[in-house]
Engineer: 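Submitted below is the structure of interest, expressed as structure tokens.
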Amino acid sequence: MKYLGSHVGLSSPDYFLGSVNEALSYGATALMLYTGAPQNTLRKDIAELRIEEGKAKWLSAGNSLDHVVIHAPYIINLANRTKPEAFAFAKDFLKEELCRSAAFGAKWLVLHPGAHVGQGDEEGLSALIEGLTEVLNEDGTDVTIALETMAGKGSEIGRTFEFFRDFFERFPLKHRVGVCLDTCHVHDAGYDLSDPEGLLDEFDRLIGLDRLKVVHLNDSKNVRGAHKDRHANLGKGEIGFEKLYRFAHLSRLDEIPIILETPWIDGKPPYKEEIAALRKGEMIG
Ligand code: FE
Ligand code: FE
Ligand code: ZN
């Protein structure tokens, strides 16, 4: 666990410089941001985002741009192609998002595999493969997409390791895609975090550990297998601090950015305390 950080904001007037200062104030060595509101597609001009100043600050603090992660907005749904205009919009927006990620110097863009909205898992997977292939053939960047493991809420695809195995068996541009493992999501999908080594072994057997690029470390408000996706603060949920601590400290995850997306407490970000607790191994709260 060398590269540990959290979701940070990107807002006026400091934009990316502000994101970096926020991450540094938490003692973080990794960060993740949305290039705009995650639930919409309004985006500011990249020239206004103070990217070069932010990069310089991040690098001068001894960090690497390899640990700056971007999260695509969750309204991009490539798993449903029943409405051609919506599918085309999702592909175009993702292409732009890849270009924005490249401007930040980011290596990884986290993307939800999407929801099949009644068409079934096979159609969802096949639409995702079609959409991503087109996008990654045309975007002109070398940013890698990290497809996120999902809780299985509604008709979400990507809730089993087998899904990712099947995806990589069929996807032509394998070098452009990896996986982001979210601990809340895999727990909600039914995976047991009491044996973190066993969980990684299973990931390795089905997907390949070299494909794991980003970890989202969150506790869950719901019991294992609930398919809900509601994040809890570390130690305040159904997974518990100890399992999350053991997972984060697996030596096989040493080189992978670990990002907290836990909820704010009383209007304040909990990240400085949660990062310190993970480093020290002290139970918090
Ligand atoms: Fe996500
Ligand atoms: Fe996540
Ligand atoms: Zn989530």
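Note that the numbering runs from 1 along the sequence shown for the chain. The basis for the numbers below is simple: all heavy atoms, side chains too, and nothing from hydrogens, waters or symmetry mates. Atoms within each ligand, like the ligands themselves, are counted from 1 in listed order.
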Engineer: Once you round to the nearest 0.5 Å, how far does CG of Leu234 lie from CD of Glu242?
Structural biologist: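 That separation rounds to 13.5 Å.
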Engineer: Measure the spacing between CG of Leu212 and CG of Leu209 and express it to the nearest 0.5 Å.
Structural biologist: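 Going from CG on Leu212 over to CG on Leu209, the span is 6.0 Å.
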Engineer: Give the intermediate values and the outcome of salt bridge (charged side-chain N to carboxylate O under 4.0 Å, His left out) for residues Glu130 and Arg81.
Structural biologist: CA-CA 9 Å; Glu130 180 194 322; Arg81 53 189 166 188; 2.5 Å; yes
Engineer: Find the distance between OH (Tyr74) and CD (Glu156) and round it off to the nearest 0.5 Å.
Structural biologist: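 Interatomic distance, Tyr74 OH to Glu156 CD, rounded to 0.5 Å: 12.0 Å.
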Engineer: Taking the six-membered ring for Trp and the full ring for Phe, Tyr or His, determine whether the centres of His7 and Tyr271 are under 6.0 Å apart.
Structural biologist: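 Aromatic pair excluded; centres sit 6.0 Å or further apart.
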Engineer: Run through the protein N/O/S atoms less than 2.8 Å from the Zn ion (ligand 3) and write them out by chain and number.
Structural biologist: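 Sorted hits: His185 NE2, Asp229 OD1, His231 NE2.
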Engineer: Can you list the steps and then say if Glu97 with Arg100 is a salt bridge (charged side-chain N to carboxylate O under 4.0 Å, His left out)?
Structural biologist: CA-CA 5 Å; Glu97 195 73 352; Arg100 275 189 286 270; 2.8 Å; yes
Engineer: Salt bridge (charged side-chain N to carboxylate O under 4.0 Å, His left out) for Asp66 and Lys107? Distances and angles first, verdict last.
Structural biologist: CA-CA 6 Å; Asp66 289 359; Lys107 221 167 159 178; 3.4 Å; yes
Engineer: Supply the atom-to-atom distance Leu278 CG to Tyr245 OH, rounded to the nearest 0.5 angstrom.
Structural biologist: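 OH of Tyr245 is found 8.5 Å from CG of Leu278.
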Engineer: Which distance, rounded to the nearest 0.5 Å, do you find between the NE2 of His112 and the CG of Asn77?
Structural biologist: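 If we round to the nearest 0.5 Å, His112:NE2 and Asn77:CG are 11.5 Å apart.
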Engineer: What protein atoms of element N, O or S are positioned under 2.8 Å from the Fe ion (ligand 2)?
Structural biologist: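 N, O, S partners closer than 2.8 Å: Glu148 OE2, Asp182 OD2, His216 ND1, Glu261 OE1.
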